[in-house]
Amino acid sequence: QLPLHPRLAAMVLAAADANELVLAAHLAVLLEEGWQALSVAARRRGGVDVGDCLTVWRSEMRAGGCTRSAASLSELLRRLGVADEPCAAADAATLARLLLSAFPDRVARRREDSADVYQLRNGSAVVVAMGNWPAPRWLVAVQLEAASSGEVRVAMAAPLTEQQVLARFEHHLSWRDEVVWQHEQQRAVRRRCRRLDALVLAAEPLPLAAQDALALLLEQIRRHGLELLGWDDVSRNWLQRARFAAVHGDDWPPLDDAALLAALEKWLAPALDGVTSLTQLRKVTLLAPLRNLLDWRCQRQMEKLAPEKITVPSGARVRIDYSDTAAPLLAVKLQEVFGWQESPRIANGQVPLRLHLLSPARRPLQVTSDLASFWRNGYAEVRKQMRGRYPKHPWPEDPLTAVAQRGVKRR
């Protein structure tokens, strides 16, 4: 029956006496239309605090401005059956109680790590441009505006005390046990806390059971990616080999990052028993869990398609680098591949290895996937440049018939 937004009508109906009813009517018209009717300069004088804004608006009306707002206020007071006398005092406690009736979802608490960022009951963050207004611990956000930066800003608010919040929402507060992720320490904690939705009013630590942290850890990995894990060279190389083999094998499971993240419960979760923090997570060895991605058939196929090492003519076993799954790399000293007629192949002969032929100082001399072509067209020039620099190492004229070796010339 009132010509007001339902929030503001609820505030008017929450007035306890005639004096509060007048104050509520003033607030309702101010928020419904009065504040936007003021000049920019007047709004700047009001700032953020609702009480200050009310004072500026009343002053403008007494000076003969805001005629439309004055008419709306008179009509509302007539409907309510009260006169605009005496002038309702805007004390902080009454303002807070009335505004909480209109905006119970806009209760916000300042974050511990910020002077101007507040968290609403629903968990959203809002920013308050304080100016000369002190940053209260609690407030009720009366007007919210979307900024061009994407932030949500509080244009008008009223300070609250924690006692006012506790009194207003006594029946909404409850104690419950929960396991949450503590971002400051990057770990899971178990606690008994008293909440107003997303806002924690009190918390007591509780012992954390072994499996309590698992779901939170997996959520962190999915949110931040697989790089959150403690990858070492062995586990990373195994995964790269498996991805290479999957391309050339038959009936392999998907092994891309998205597939691994989707299957965390299958392959990683069994290895996280007792892990509660990112520090502990990064210490988990990944090779054994990764093997759980493949059945026995795929593991055997992987050894054939993507060997970890290959024997070169010198007799050494050299690791293959599968970082580029399209062109696996073998970095080896040139003297160790004398006698190889052509580039070695893997994946049942389908893929030639890309050779990084190294000097005795393990500096790259040539990169090639066609070793036969290098012997014919490039070796002579390399020999000419290198034999004087490394005279103790063999540089035969015919590398195809020379004996491969790892060290210096044999006596």
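The residues of the chain are indexed from 1 along the displayed sequence. In what follows, every heavy atom counts, from backbone to side chain, and hydrogens, waters and symmetry copies are set aside.
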- Message: Between Gln335 (side chain only) and Gln405 (backbone N and O only), is there a donor and an acceptor less than 3.5 Å apart?
- Response: no
- Side chain proximity check, Arg191 to Glu204, heavy atoms < 4.5 angstrom: no
- Count the heavy atoms belonging to other residues, nucleotides or ligands that lie under 6.0 Å from CZ of Arg300, then report whether that count exceeds 12. no
- Do you know the tightest heavy-atom contact between Ala158 and Val50? N-CG2, 4.1 Å
- Query: Does Asp232 reach the side chain of Leu286, with side-chain heavy atoms less than 4.5 Å apart?
  - Reply: no
- Message: I'd like to check the side chain to side chain contact (heavy atoms under 4.5 Å, CB included) partners of Ala28; sequence neighbours left out, ordered by chain and number.
- Response: Leu4, Leu8, Met11, Val12, Leu76
- Message: For Gln182, is there any backbone N or O sitting under 3.5 Å from a side-chain donor or acceptor partner on Gln185?
- Response: no
- Message: Donor-acceptor pair, distance only, cut-off 3.5 Å: does the side chain of Thr368 make one with the backbone of Asp370?
- Response: yes
- Query: Passes salt bridge (charged side-chain N to carboxylate O under 4.0 Å, His left out), Glu20 versus Arg97? Steps please.
  - Reply: CA-CA 10 Å; Glu20 285 191 11; Arg97 184 168 55 78; 2.3 Å; yes
- Item | Any Phe169 side-chain heavy atom under 4.5 Å of Pro104 side chain | yes
- Just say parallel, tilted or perpendicular for the rings of Trp375 and Phe338, cut-offs at 30° and 60°. tilted
- Query: When you look at Met302 and Trp252, which way does the side chain to side chain contact (heavy atoms under 4.5 Å, CB included) test go after all the steps?
  - Reply: CA-CA 10 Å; Met302 175 175 161; Trp252 273 61; 3.7 Å; yes
- Begin with the C-alpha distance, continue with both residues' side-chain angles, and end with the deciding distance and a verdict on side chain to side chain contact (heavy atoms under 4.5 Å, CB included) for Asp197 and Asn122. CA-CA 6 Å; Asp197 299 328; Asn122 65 5; over 6 Å; no
- Flag side-chain contact, heavy atom, 4.5 Å: Lys384 against Trp395: no
- Task: Any chance you could measure Trp181, atom CH2, to Glu219, atom CD, to the nearest 0.5 Å?
- Result: 9.5 Å
- Message: Just so I know, are the side chains of Val107 and Leu120 near enough to count as touching, which here means a heavy-atom distance under 4.5 Å?
- Response: no
- Query: With side chains defined as the heavy atoms from C-beta onward, is the minimum distance between Pro364 and Ser359 less than 4.5 Å?
  - Reply: no
- Backbone N/O of Gly315 and side chain of Thr311: donor-acceptor pair under 3.5 Å: no
- Query: More than 12 non-hydrogen atoms from neighbouring residues, nucleotides or ligands closer than 6.0 Å to CZ on Arg192, yes or no?
  - Reply: yes
- Could you tell me which non-hydrogen atom of Asn237 sits nearest to which non-hydrogen atom of Ile320, and how far apart they are? OD1-O, 3.5 Å
- Side chain of Arg106, backbone of Val142: donor and acceptor closer than 3.5 Å? yes
- Enter the distance from Leu2:CG to Leu13:CG here, rounded to the nearest 0.5 Å. 6.0 Å
- Query: Parallel, tilted or perpendicular for Phe244 and His248, by the 30°/60° rule?
  - Reply: tilted
- Task: Kindly determine whether Asp52 and Thr55 satisfy side-chain hydrogen bond (donor to acceptor under 3.5 Å, both in side chains), including the steps that lead there.
- Result: CA-CA 5 Å; Asp52 293 342; Thr55 299; 5.3 Å; no
- Message: If you apply the rule salt bridge (charged side-chain N to carboxylate O under 4.0 Å, His left out), what do you find for Arg241 with Glu303, and how did you get there?
- Response: CA-CA 9 Å; Arg241 288 174 58 209; Glu303 295 303 321; 3.3 Å; yes
- Given side-chain hydrogen bond (donor to acceptor under 3.5 Å, both in side chains), test Arg187 with Thr276 step by step and report yes or no. CA-CA 6 Å; Arg187 62 190 292 266; Thr276 62; 5.0 Å; no
- Task: Can you see which heavy atom on Ala135 is nearest to which on Ala115, and at what distance?
- Result: CB-O, 3.4 Å
- One should read off an interatomic distance between Leu98 CG and Phe103 CZ, to the nearest 0.5 angstrom, of 11.5 Å
- Would you name the heavy atoms of Ala96 and Pro159 that are closest together and state the gap between them? CB-O, 4.2 Å
- Query: Got a sec, which residues hit side chain to side chain contact (heavy atoms under 4.5 Å, CB included) with Pro344, two or more places apart in sequence or on another chain?
  - Reply: Ile310, Trp340, Leu353, Leu355
- Query: Between the main-chain N or O of Ala102 and the side-chain N or O of Arg7, is there a donor-acceptor pair closer than 3.5 Å?
  - Reply: yes
- Query: Are Arg236 and Tyr322 in a cation-pi contact, defined as NZ or CZ under 6.0 Å from the six-membered ring centre and within 45° of the axis?
  - Reply: no
- Test log, rule side chain to side chain contact (heavy atoms under 4.5 Å, CB included), inputs Leu229 and Val284: CA-CA 8 Å; Leu229 304 177; Val284 173; over 6 Å; no
- Message: Between Arg222 and Leu264, is the side chain to side chain contact (heavy atoms under 4.5 Å, CB included) condition met? List the steps.
- Response: CA-CA 9 Å; Arg222 288 191 169 108; Leu264 288 174; 3.7 Å; yes
- Query: Near Asp233 CG, under 6.0 Å, is it more than 12 heavy atoms from other residues, nucleotides or ligands?
  - Reply: no
- Item | Contact check, side chains of Arg406 and Lys333, non-hydrogen atoms, under 4.5 Å | no
- Close side-chain approach of Leu99 and Leu31, heavy atoms under 4.5 Å: yes
- Which atom pair, heavy atoms only, marks the closest approach of Arg190 to Asp212? CD-OD2, 3.4 Å
- Task: Go through the structure and list residues passing ring-ring contact (aromatic ring centres under 6.0 Å, His included) with His356, not counting sequence neighbours.
- Result: none
- Atom OG in Ser69, atom CD in Glu32: separation rounded to 0.5 Å? 10.5 Å
- Note on the structure: In this structure, OG of Ser174 is separated from CZ of Arg176 (nearest 0.5 Å) by 6.0 Å
- Can you see which heavy atom on Trp267 is nearest to which on Leu260, and at what distance? NE1-O, 3.0 Å
- Query: Is any side-chain N of the basic residue among Glu178 and Arg195 closer than 4.0 Å to the acidic one's carboxylate O?
  - Reply: yes
- Can you tell me if Trp35 uses its side chain to pair, donor with acceptor, with the backbone of Glu33 under 3.5 Å? no
- Item | Donor-acceptor contact below 3.5 Å, side chain Ser74 vs main chain Ala70 | yes
- Message: Surrounding CZ of Arg68 (heavy atoms of other residues, nucleotides or ligands, distance under 6.0 Å), is the total greater than 12?
- Response: no
- Item | Sidechain-backbone polar pair: Glu336 side chain, Ala404 backbone, donor-acceptor under 3.5 Å | no
- Item | Rounded distance (nearest 0.5 Å) linking atom CD of Gln186 with atom CG of Leu217 | 10.5 Å
- What do the steps show when you test Asp321 against Ser323 for side-chain hydrogen bond (donor to acceptor under 3.5 Å, both in side chains), and what is the final call? CA-CA 6 Å; Asp321 182 353; Ser323 301; 2.6 Å; yes
- Message: When you measure from the side chain of Arg243 to the backbone of Leu255, do you find a donor-acceptor pair of N or O atoms at a distance under 3.5 Å?
- Response: yes
- Message: Tell me if the CZ atom of Arg44 is crowded by more than 12 foreign heavy atoms within 6.0 Å.
- Response: no
